[in-house]
Amino acid sequence: FVKEIIQSMIENAKLVPKITVIKEGIDYQYCNIYRDFSLGNYYIAASDVGTGVGKDFNATVIIDVKTGVVVADILDNTLPPDKFAYHNVQLLGVYLNPLWYPESNLWGSQMIKKALELNYKRIGTRDVEGKKKGWFTDEKTRIELFGAVIPAINNWQLSIFNVAGLGQCRDL
């Protein structure tokens, strides 16, 4: 990442207020909403599931595909997979349950299992048959992921309003 761009995004993010929406079950201790649902916009979500409570962050972003704006997120290092799933399902409901790609390795498989128990139906798959839920991070996919995300951020194609999340990009 270009450090100056990340720093500029951090300064910009400090000016963007979080909003509150009327939806039962949203816990604003974990869920951050920056833009409300807008009819006609298309949303997609992804989650990175931490490898250990307190040691690694759980992160979810919901992105407006048309604008590249991260409209909502969760960034927390205290939630176990079942509670992370619950808060995700609640937050995704604000955006009418967009297609969601949670990470499936390590604790992610537990989160996916809980999301299915909570009746979340729109979990993306990585196979044609639709049996392999979520995305899987390995050396190949990590390179592909960063190969797409780094230029998108460096070219201001994504708008991110979570200061702590941007700080993680800065510190990589």
Yes or no on side-chain contact (heavy atoms from CB on, under 4.5 Å) for Ile62 and Val70, after CA distance, side-chain angles and deciding distance? CA-CA 6 Å; Ile62 302 173; Val70 175; over 6 Å; no
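- Panel note: side chain Trp135, backbone Tyr101; a donor-acceptor pair is recorded below 3.5 Å.
- The aromatic rings of His87 and Tyr30 are tilted relative to each other, their planes meeting at an angle between 30° and 60°.
- More than 12 non-hydrogen atoms from other residues, nucleotides or ligands lie less than 6.0 angstrom from CG of Leu15.
- No donor-acceptor distance shorter than 3.5 angstrom exists from the side chain of Ser47 to the backbone of Val49, with no hydrogens or angles considered.
- Classification of the Phe37-Tyr43 ring pair by plane angle, with boundaries at 30° and 60°, yields tilted.
- In summary, the side chains of Glu103 and Asn105 do present a donor paired with an acceptor at a separation below 3.5 Å, with no hydrogens or angles considered.
- A donor atom on one side chain and an acceptor atom on the other are found under 3.5 Å apart for Arg126 and Ser104.
- Minimum heavy-atom separation, Asn58 to Gly50: OD1-N, 2.7 Å.
- The list of salt bridge (Lys or Arg N to Asp or Glu O under 4.0 Å) pairs with a residue in residues 144-154, not counting sequence neighbours, reads Lys140-Glu144.
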Given Asp48 and Phe57, is the side-chain contact (heavy atoms from CB on, under 4.5 Å) satisfied, shown in steps? CA-CA 8 Å; Asp48 180 7; Phe57 281 84; over 6 Å; no
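- Within 6.0 Å of CD on Glu129 lie more than 12 heavy atoms contributed by other residues, nucleotides or ligands.
- Residues passing the side chain to side chain contact (heavy atoms under 4.5 Å, CB included) test with Asn12, sequence neighbours excluded: Phe161.
- Atom NZ of Lys23 is surrounded by more than 12 heavy atoms from other residues, nucleotides or ligands within 6.0 Å.
- Pairs engaging residues 156-170 under the side chain to side chain donor-acceptor pair (under 3.5 Å) rule: Asp73-Asn162 [sequence neighbours left out].
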